[in-house]
Amino acid sequence: MKALYRIKTSSFDIPCSVFDIHPILLNKEYICSMDLHLFDKQVYIDRRRILKQNIGADGLILLLGNEDSSMNYKDNCYPFRQDSSFLYYFGLDVPMLTAVIDTDTGEEVIFGNELSIDDIVWTGTLPTVNEMASLVSVTQTKAYNQVIHYVHKALISGRQVHILPPYRPENKIKLAEWFNTSLGDVAGYVSPKLIRAVIAQRVIKSPLEVAEMDKAVSISVDMQLAVIQNTRPGIKEYELVAKAHEVAMANNSRLGYPAIITTHGQTLHTHYYGNTLQEGRMLLCDIGAENAMHYGGDLTRTCPVGRNFTTRQKELYEVVLASMDHAISMLKPGVRYKDIHLQACLKLADGLKQVNLMKGDPAEAVEAGAHAMFFQCGLGHMLGMDTHDMEDLGEPYVGYTDVLKKETSIFGLKSLRLGRELEAGFVLTVEPGIYIIPELIDRWEAENKYADFINYDVLNTYRDFGGIRIEDNFLITDGGSQLLGKYLPKTLNEIEALKG
Ligand code: GLY
Ligand code: MN
């Protein structure tokens, strides 16, 4: 009997029988219960070779995969999400694997346990750990409980063991055990050298990765269109969330982060979906697909609930769009994203002055930070396998440099996730907005804060306005930038036409 086992090598983008390329599995008689979506194995060989080069002969690199995480009882788990750095170097989208790279000997080992018959009965079968490892050209595999011996042996002989910052409690617990230390002290073992080396590779997207991201953004566009076209008075926000999930699932994808689909667009990351949409208000929709290779999109559009925007909505929409277009025109290698952010803020302040919400000199207003009444966050962030790409590795390393350090106290700038000089190969978001937050108005007005720049009387007539954000995703190219994915309407007329 022939076994059926699907491997998707993204560089070819065709499901192919493993027999064609992996005779090791020839005698198996099973139907695998998951697709393994992989780039060609050479991609992983090259990535690990470069990592080894960048670290030099300096002990072990320990890369932890994730395990299933229980939701409300042990056997009821959250959807599995592999660690992105593990995926980057080892590709295998399977729980409970960990890898070691010995930079002194070149040895590479994947640690994992074979399925028990109970696992197979309940969740189906998989190739063996060794068979999976061979798909990414790793020849050595060991049982999971052997990791601790590798780590101990290295530590006893005074060798470095480089780890990335753990963000999952279960991985923190494992590391505490393997390093024979307390949970609180695990952070002390994190290796800035490894963090820097991983970021240096992952931050520059290869053509294969860009192709994956392009696909993910195009699926995100279709999700947006489904939401916007179904937005109408009387519908519940959660019904629109369902539309986004439907399109994602129909494309063998899922949402890369919880949908922000809200008529209260002033709340930057609200996940409440219980409101009924009302004529005259707007809907802010911030959603992104994560495709089967775990690359994602992150798009935002703001549309009227009814057919048309109101005059006030149109005015502020144009201000946000002008700020966005200005920011996009500045995208190119060598420009600091912090400067693009500040230029986008200046455009916002300019426009807000035109509609009498701000006053005084816009440049002085931005210098003082007064624009943060309307735009409290950053202009954008890196995008990749993670929506805020590599944020687990630390913003100071991902979005900033030793020369340009992140502001940690200035309202507005402290939420700018990306400030550093752009390089060809970066993928990032541009997402300016205007958010009218009544609590912030009350707080600052009571303090008479920025009274030279903010027209509080006018602003108080906008208290129930909500928020507007427009967001697209860009690849930085040698000459400038390239929009990822298919075009998603973004002008006022284009958005209204979608409601037609
Ligand atoms: N789309 C969510 C965010 O950028 O934070
Ligand atoms: Mn975003």
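Counting starts at 1 for both ligands and their atoms, following the listed order. Excluded from the calculations below are hydrogen atoms, water molecules and symmetry mates; all remaining heavy atoms, backbone and side chain alike, are included. For reference, positions follow the sequence shown, starting with 1.
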Checklist outcome for this item: For OE2 in Glu431 and NE2 in His381, the angle at the Mn ion (ligand 2) (nearest 10°) is 80°
Next on the checklist: Using a 3.5 Å distance criterion without hydrogens, assess whether the side chain of Glu237 forms a donor-acceptor pair with backbone atoms of Asn275.
Outcome noted: yes
Checklist entry - Between Asp93 and Gln82, do the side chains contain an N or O donor and an N or O acceptor separated by less than 3.5 Å? => result no
Next on the checklist: Any donor-acceptor pair under 3.5 Å linking the side-chain atoms of Thr263 with those of Arg281?
Outcome noted: yes
Item to check | Glu471: its N/O/S atom lying closest to the Mn ion (ligand 2) (atom name) | outcome: OE2
Checklist entry - Do you know which N/O/S atom name in Asp298 is closest to the Mn ion (ligand 2)? => result OD2
Item to check | Euclidean distance, Glu318 CD relative to Gln313 CD, rounded to 0.5 Å | outcome: 13.0 Å
Checklist entry - Roughly how far apart are Arg336 CZ and Leu418 CG, rounded to 0.5 Å? => result 11.5 Å
Item to check | Winner among Arg469, Glu471, His388 once heavy atoms are compared against atom 5 (O) of ligand 1 | outcome: His388
Checklist entry - Do any nitrogen or oxygen atoms of Thr387 come within less than 3.5 Å of a nitrogen or oxygen of ligand 1? => result no
Checklist entry - Nearest to atom 4 (O) of ligand 1, what protein heavy atom do you find, and at what distance? => result His381 NE2, 2.9 Å
Next on the checklist: Ring of Tyr397, cation from Arg196 - is the NZ or CZ under 6.0 Å from the centre and inside 45° of the axis?
Outcome noted: no
Next on the checklist: Show me which atoms of ligand 1 lie under 4.0 Å from any heavy atom of Glu431.
Outcome noted: 4 (O)
